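First up is the structure itself, then whatever we jot down about it.
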Number of protein chains: 2
Amino acid sequence: MTEESATAEPGRTVELLWGAKESPGRTGLNLAGIVAAAIEVADAEGLPALSMRRVAERLGFTTMSLYRHVPGKAELIELMRDAVVGELDLSAPDHSDSGDVDWRTGMEAWARAHWTLHLRHPWLVHTAGSRRLPGPNIMADYERALQIAEGTGLRASEVVAVVSLVAGFVKTAAQQVHEVRHEERESGVSNAQWWRGQEELVERMGPYPALGRLWHAGAFDEPEDPFDFGLARTLDGVELLVARRHRAENRDEIRDVTAPQPHPGQCSVCGAEFAGPRRGRPRDYCSRACQQRAYRQRRSATSASAGAAASDSSAGNAL
Amino acid sequence: MTEESATAEPGRTVELLWGAKESPGRTGLNLAGIVAAAIEVADAEGLPALSMRRVAERLGFTTMSLYRHVPGKAELIELMRDAVVGELDLSAPDHSDSGDVDWRTGMEAWARAHWTLHLRHPWLVHTAGSRRLPGPNIMADYERALQIAEGTGLRASEVVAVVSLVAGFVKTAAQQVHEVRHEERESGVSNAQWWRGQEELVERMGPYPALGRLWHAGAFDEPEDPFDFGLARTLDGVELLVARRHRAENRDEIRDVTAPQPHPGQCSVCGAEFAGPRRGRPRDYCSRACQQRAYRQRRSATSASAGAAASDSSAGNAL
DNA sequence: CGAATAGGTTTATGCCGTACACGGCTGCGT
DNA sequence: ACGCAGCCGTGTACGGCATAAACCTATTCG
């Protein structure tokens, strides 16, 4: 998986990524052509099949000729990443209405755009996304995501974390789907067929009661769409945080002012709206059940993470 | 990166994973030793440094000797996966209290256990997790996760999706952290240092206003812990779904969750219209009798519906 | 006109996974 | 006791990989 990065001067690669002049009239090899050919190979045959040889052959040149234009394979992949991110449409920033409208629809659109990108270029999930030298397209895309996430009104560090979370989710979902697809292709057995074939196994060697129950309930016959399901949960989770923050803010304001108003509330656990008491302290939860849930949640949040988990930071990757 | 899997009979590998007898008295090479050595190499030097040669050297044998015990590298990695998952502690099933207590703390514990596993074995994120031939430890762990997720009371397909979501999140979070760590090691520059070095860049070539704002707000100096933050959001998202389901059930299935409805109601059992209370929670039933009918109905409806024809499906990976 | 330079090529090095043929050992049926 | 089969470790070899270094040739520029 390559893994090695630019051994030479970093200035060279930044020039490749950002300079991008490359007089277009030339006849022979050029950077754009190499990158395009590499993307074609990777799209068609996967990252492991991507080699300098294959790219050079496709272009009708010798292997080593590529090295006149690209420092090495790692940099080539970096260039490929930036190139495909350039396919994304960054338009529809916040065109109309109010300024910070609806971070959620924006975030969802961003996620879905990346999702289709991953479907088009399966090899993306196997690339590292180095913090070093993010190309211009990647930077623009990251900026876009941050702008959207800023609409949540969360703290700066949380905004960044939200973008990482959503980007990470998309990547994982793509990974999972491609895994299944890859195995289907390789074995010629569709996933459904495979699970059906496992029926005997599941039933016979069944010290797996839960798996058995779920299997019999059809969980694997009519599965949830992993992307839609996961994205909804993830954004719900973010939205809940946002709602809690807003509530906390508004609470202060309202309390300072003359309070008695029939407080319509929004449950800080399930988000449902409910009619609060007309006087007295406004309720936080729509039901005893949600109150209990919140308690458990609070309790579990106190447990420190066992792992060392270097506190050094970890801003890292968007795409 | 290998990518190829068992070209030979699949029966062989399943035997390796599950058979595991391997009379322990033998002096020479054995499967367990090979797997252990491979794990040591991968832990210490990363997956790309893992080669059959390196493993063999560490054991004092020739490269080809390994092939007497393992069909190939792909299978060796599969064995490594299963072996490290075996390190997990599957205890604390649902020891006490009521049956379905607190899926959330269970799920969080499961996630944290996997998190430390990924910190201990960074190469895990680069392995595929094939649906074929999951080893016994992986199966047991998956079963465990499903059991926990069943506590949500969600539908079968959703339970599976929840496990995939959480497992995927852990993997992604680990990936992001290892990426950063790897680059730090490689470049000798800590992440914080790097971002500080970017200050000029961000400011100078700043068509990145959001990035600039967040940077100045210290988002990258004191970032959120990506694991804790993401896990909380993810589980919040799931919990929201659970809460909504409970509310919907209690309220009797239909009816929009967000619409509290004006007071005059229509009995959801007999359909009769009736005048509801002028304030407080609107009633769902026109009479105590209908309420009771609904209860009985709900109780008998516990029987699961049989899954129809199998669609494409996409169950996939846990770990 | 001479020299520098950019672009493409050739050759070589050292990794990698693994196919294949071989040899020594051990145990079993005769 | 003998032969033979099977297991286990070995040696050699092949094709593929990234890439370092030297080389060859036009074009360009002083």
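Given the structure is predicted, the values throughout are model-derived calculations rather than measurements. Here is how names work: the chains are called A, B, and so on, in the same order as the sequence lines, proteins then strands, and each is numbered from 1.
Rounded to an integer number of Å, the gap from CG of B:L29 to C1' of D:dT10 is 12 Å. For the pair B:R68 CZ and D:dG6 C1', the interatomic distance rounds to 10 Å; values are reported in whole Å. For the pair A:E57 CD and C:dT9 C1', the computed distance is 15 Å after rounding to whole Å. Atom CG of A:L31 is separated from atom P of C:dG7 by 11 Å (rounded to the nearest Å). Rounded to whole angstrom, the span from the CZ atom of A:F61 across to the P atom of C:dG7 amounts to 12 Å. Atom CG in B:L47 sits roughly 14 Å away from atom C1' in C:dC16 (whole-Å rounding). Look at CZ on B:R54: it is 13 Å from C1' on C:dC16, rounded to the nearest Å. To the nearest angstrom, C1' of D:dG9 lies 11 Å from CD1 of B:I34.
Of the side-chain N and O atoms in B:S65, none sit less than 4.0 angstrom from OP1 or OP2 of D:dG9. Here B:T62 does not reach the OP1 or OP2 of D:dG9: none of its side-chain N or O atoms lies under 4.0 Å away. Between A:H69 and C:dA6, a side-chain N or O to OP1/OP2 separation shorter than 4.0 Å is absent. The shortest distance between the side-chain N/O atoms of A:R53 and the OP1/OP2 oxygens of D:dC17 is below 4.0 Å.
Counting only heavy atoms from C-beta on, A:Y67 has its side chain closest to D:dA18 among D:dG9, C:dT18, D:dA18. Distances were taken from every side-chain heavy atom of B:S51 (C-beta onward) to each of C:dG17, C:dA21, C:dT18; the shortest belongs to C:dG17. Ranking C:dT9, C:dC22, D:dG11 by closeness to the B:M64 side chain, first place goes to D:dG11.
A:M52 comes within contact range of the sugar-phosphate backbone alone, with a heavy-atom separation under 4.0 Å but no base atom that close.
In this structure, the side chain of A:H178 engages the main chain of A:A174 through a donor-acceptor pair within 3.5 Å.
Residues B:V177 and B:P226 form a side-chain contact, since some pair of their non-hydrogen atoms from C-beta on lies under 4.5 Å apart. Using a 4.5 Å heavy-atom threshold, the side chains of B:M80 and B:H121 count as separate.
Looking at A:R81, A:E78, A:K171 one by one, the single match for side-chain hydrogen bond (donor to acceptor under 3.5 Å, both in side chains) with A:T127 turns out to be A:R81.
A:L76 contributes atom CG, which lies 12.0 Å from atom NE2 of A:H69 (distance to the nearest 0.5 angstrom).
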